[in-house]
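Here's the structure we're looking at; comments come further down.
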Amino acid sequence: MAKADVSEVASGVFCARGTDVNWILLRDGTDLTLIDAGYPGDTGAVEESIRDIGGRPEDVRAILVTHAHVDHIGAVNHFHSTYGTPVYLSDTETKHAHGEFHEGATELDVIKRLWRPGMLPWSLRILRGGASKKPVLGHAQPFPTSGALDLPGAPTPVATPGHTSGHTAYFLPAVGVVATGDALVTGHALTKINGPHLLPGFFNHDEAETRSALDVIATLDAGSLIPGHGAPHVGPIREAVEAAKAR
Ligand SMILES: [Zn+2]
């Protein structure tokens with residue numbers, strides 16, 4: 001897949017935008033935390049994004065995953081097998097990553113909607129990126145502690161179930177940034193919306209919970225968000241949530 005576009009959203013917080021999905025790097029000295037890991041086809045682009053900010057893939061101390069969908073875990077097994085990088089998710093999402101159940105849009109969900117504007121080119125793009133693969137992360141583990149994690153960037157997991165049952169956002173209190181994953185996005189090939197919004201309903205495991213998760217995100221003291229899909233958004237998080245609810 002194409003090289004990612006990397007920007008520094010806050011001091012030591014980098015958003016890498018792949019073709020259709022983002023991943024995030026948190027830097028503390030030479031140590032890094034990686035949040036999400038693109039499509040399988042983004043593996044080279046994830047490594048390149050690390051080199052772009054002057055780091056080395058072996059300096060990633062851990063990978064945190066918002067949720068175990070293929071577009072967010074593509075490079076995870078490569079990092080784990082090549083560098084021994086540990087991988088953490090919420091308790092529930094760890095089971096999803098282990099392949100104990102699957103939640104999310106099915107191929108049929110996508111096929112039924114291929115007539116929609118943008119759906120066919122998007123489908124072809126993500127298939128090239130490995131969207132039909134179902135990576136199993138047998139080594140993935142639940143967070144080792146509760147509260148802020150002892151990792152570069154000191155991210156605090158925030159339970160935001162709905163898109164998947166164990167979906168987790170990551171709050172960075174020191175810089176007032178929240179990584180919202182797919183609980184709140186700002187752009188997607190299928191929505192054509194530019195600004196905070198929810199993904200189309202067929203992507204979400206539980207639509208009511210997805211909406212409730214917005215209320216949790218709204219309580220965070222953040223002035224910007226980095227979504228799983230779309231550009232980073234600057235502005236009070238409460239207003240971003242209100243904009244998403246109003247659509
Ligand atoms: Zn996604």
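Counting starts at 1 for both ligands and their atoms, following the listed order.
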>> So, applying side-chain hydrogen bond (donor to acceptor under 3.5 Å, both in side chains) with H229, which one of N22, T186, D71, D20 is it?
In response: D71
> Under 3.5 Å, is there a donor-acceptor pair linking the side chains of H67 and D182?
Replying inline: yes
For [X], which residues count as a side-chain hydrogen bond (donor to acceptor under 3.5 Å, both in side chains) partner, sequence neighbours excluded?
{"X": "D215", "result": "K245"}
{"X": "T180", "result": "none"}
{"X": "S165", "result": "E103"}

> Are there any protein N/O/S atoms under 2.8 Å from the Zn ion (ligand 1), and if so, which?
Replying inline: D71 OD2, H72 NE2, D182 OD2, H229 NE2
> Under 3.5 Å, is there a donor-acceptor pair between the side chain of H205 and the main chain of H163?
Replying inline: no
